[in-house]
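In what follows, a structure is listed as structure tokens, so that the remarks can point back to it.
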Amino acid sequence: MDLQLAGKVALITGSTAGIGYAAAAALAQEGGEVILNGRTADRVEKAAATLRAIVPAATIHMLAVDLGTAAGADEAVRQFPKVDILVNNLGIFEPKPFEQITDQDWLRFFEVNVLSGVRLSRHYLPKMREANWGRIIFVSSESALQIPAEMIHYGMTKTAQLAIARGIAETVAGTNITVNAVLPGPTASEGVNEFVDRLATQQNSSREEFERRFFEQMRPTSLLKRFEKPAEIAACIAFVASPLSSAINGASLRIDGGVVRSIG
């Protein structure tokens, strides 16, 4: 299927690994012009080299800034004042008991996971209005609907993204701009892989055994019964970013492997 993305410029935040990188690769494979983002030039350059090896004809730009800060957002829009597609993927997570989550933790999670997308959307939306075309996608999580007790501050930010995406979508009614959120389930991203490997080692367990127990005890409603692959999430992101998804707007699209037990 041709997703009609040739010539579309896409900024994918937090795209040196995991879902962000997979989304950039999917868009590049469809002919999109992608902007890879990470906090350090080394990480961005390595991701760009890997992507060029996979998609030699890809047009790739590099943006080495911390988009979890206002200064980083300002630099991003200075370097790239207009994009057709914005994928707000940047995010952090950290399991922590509620009683130990400090004010600083709450503010840090909100700034990185929520305000990063707000700042960029606020800048790029008027440009999309001028062109009467655009796509804004927030990469949320099933944790937005089923707040994890082990990281409530993370769940809060994921729920906030749903509200923001729907709210912005209301402001572009009748245009060719869409604003949506996608909700992955537990995914084998770089951060999750490191976390799982560390816990498996601490518990003197194999990764396979840890994964089995995780879905048995922590996510028993999963129908997939395994961690999702970033590419599985990226396939949905690429479609939602495309002109073919024009009827999908203001939606929270579950790509959660069936973790959320709801038909609504």
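Index from 1, following the sequence.
Applying the salt bridge (Lys or Arg N to Asp or Glu O under 4.0 Å) criterion to Lys127, with sequence neighbours excluded, gives no partner residue. Taking the side-chain contact (heavy atoms from CB on, under 4.5 Å) definition, one finds that Arg39 meets it with Asp66, sequence neighbours left out. Arg52 is linked by a side chain to side chain donor-acceptor pair (under 3.5 Å) to nothing, counting only residues two or more places apart in sequence or in another chain. For Asp2, the side-chain contact (heavy atoms from CB on, under 4.5 Å) partners are Gln4, Glu30, not counting sequence neighbours. Checked against side-chain contact (heavy atoms from CB on, under 4.5 Å), Arg207 has the following partners two or more places apart in sequence or in another chain: Ala188, Asn193, Val196, Asp197, Glu211, Phe227. Considering only residues two or more places apart in sequence or on other chains, Thr157 meets the side chain to side chain donor-acceptor pair (under 3.5 Å) condition with Asn113. Take Asn204 and apply the side-chain contact (heavy atoms from CB on, under 4.5 Å) test, not counting sequence neighbours, and it matches no residue.
Side-chain contact check for Arg219 and Gln146: no donor-acceptor pair (N or O, by modelled atom type) lies under 3.5 Å. Between the side chains of Ser121 and Asn88, at least one donor N or O sits under 3.5 Å from an acceptor N or O.
By the 4.5 Å side-chain criterion applied to Ile, Leu, Val, Met, Phe, Trp and Tyr, Leu183 is assigned to a cluster that also includes Leu145, Leu162, Val260. Other members of a hydrophobic cluster containing Leu223 are absent, since no ILVMFWY side chain comes under 4.5 Å of it, directly or through relayed contacts.
Taking each heavy atom of Gly155 and Pro148 in turn, the nearest pair found is CA-CD, 4.2 Å. Of all non-hydrogen atoms in Pro186 and Val259, the two that sit nearest each other are CD-CG2, 4.0 Å. Closest heavy-atom contact between Val112 and Ser116: O-OG, 2.5 Å. For the pair Ala241 and Leu27, the tightest heavy-atom approach, listed with the atom from each and the gap, is CB-CD2, 4.0 Å. For Val179 against Val172, the heavy-atom pair with the smallest separation is CG2-CG2, 4.3 Å.
Residues Leu5 and Pro243 are in side-chain contact: their nearest non-hydrogen atoms beyond the backbone lie under 4.5 Å apart. For the pair Glu208 and Arg213, the minimum side-chain heavy-atom distance is 4.5 Å or more. By the 4.5 Å heavy-atom criterion applied to side chains, Val44 and Thr40 are not counted as neighbours. Between Met62 and Glu45, some side-chain heavy-atom pair lies under the 4.5 Å cut-off.
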Legend entry - Stepwise side chain to side chain contact (heavy atoms under 4.5 Å, CB included) test for Glu33 and His61: CA-CA 8 Å; Glu33 189 173 328; His61 304 282; 2.6 Å; yes
Legend entry - Worked verdict on Arg198 versus Glu194 for salt bridge (Lys or Arg N to Asp or Glu O under 4.0 Å): CA-CA 6 Å; Arg198 185 170 64 252; Glu194 292 173 355; 5.8 Å; no
Inset, instruction - Could you walk me through whether Arg254 and Glu228 pass salt bridge (Lys or Arg N to Asp or Glu O under 4.0 Å), step by step? - result: CA-CA 13 Å; Arg254 287 166 37 200; Glu228 294 177 85; over 6 Å; no
Inset, instruction - May I have the step-by-step check of salt bridge (Lys or Arg N to Asp or Glu O under 4.0 Å) for Arg78 and Asp74, ending in yes or no? - result: CA-CA 6 Å; Arg78 185 192 70 80; Asp74 289 343; over 6 Å; no
Inset, instruction - Give the C-alpha distance, both sets of side-chain angles, the deciding distance and a yes or no for side chain to side chain contact (heavy atoms under 4.5 Å, CB included) between Thr59 and Val34. - result: CA-CA 6 Å; Thr59 300; Val34 299; over 6 Å; no
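Distance check: Leu63 CG to Asn37 CG gives 5.0 Å after rounding to the nearest 0.5 Å. Note that OG1 of Thr187 is 10.0 Å distant from CZ of Arg226, once rounded to the nearest 0.5 Å.
By the rule that hydrophobic residues join a cluster once side-chain heavy atoms approach within less than 4.5 Å of another member, Leu86 and Val182 end up as members of separate clusters. Both Ile168 and Leu115 belong to a single network of hydrophobic side chains, linked directly or stepwise wherever heavy atoms of I, L, V, M, F, W or Y lie under 4.5 Å apart.
For Arg135 and Asp84, the salt-bridge test fails: no basic side-chain N is under 4.0 Å from an acidic carboxylate O. Salt-bridge formation is detected for the pair Arg212/Glu209: a Lys NZ or Arg NE/NH1/NH2 atom is positioned less than 4.0 Å from an Asp or Glu carboxylate oxygen.
Panel note: side chain Asn89, backbone Ile12; no donor-acceptor pair is recorded below 3.5 Å. With hydrogens and angles ignored, the 3.5 Å screen pairs a side-chain donor or acceptor of Ser222 with a backbone N or O of Leu224.
Residue pairs that meet the side chain to side chain donor-acceptor pair (under 3.5 Å) test with at least one member in residues 161-174, sequence neighbours left out, are Arg129-Thr171, Lys158-Gln161, Arg166-Glu170. For residues 13-22, the pairs satisfying side chain to side chain donor-acceptor pair (under 3.5 Å) are Thr16-Arg43, with sequence neighbours left out. Residue pairs satisfying the ring pair (Phe, Tyr, Trp, His ring centres under 6.0 Å) criterion with at least one member in residues 100-139, sequence neighbours excluded, are listed as follows: Phe109-His153.
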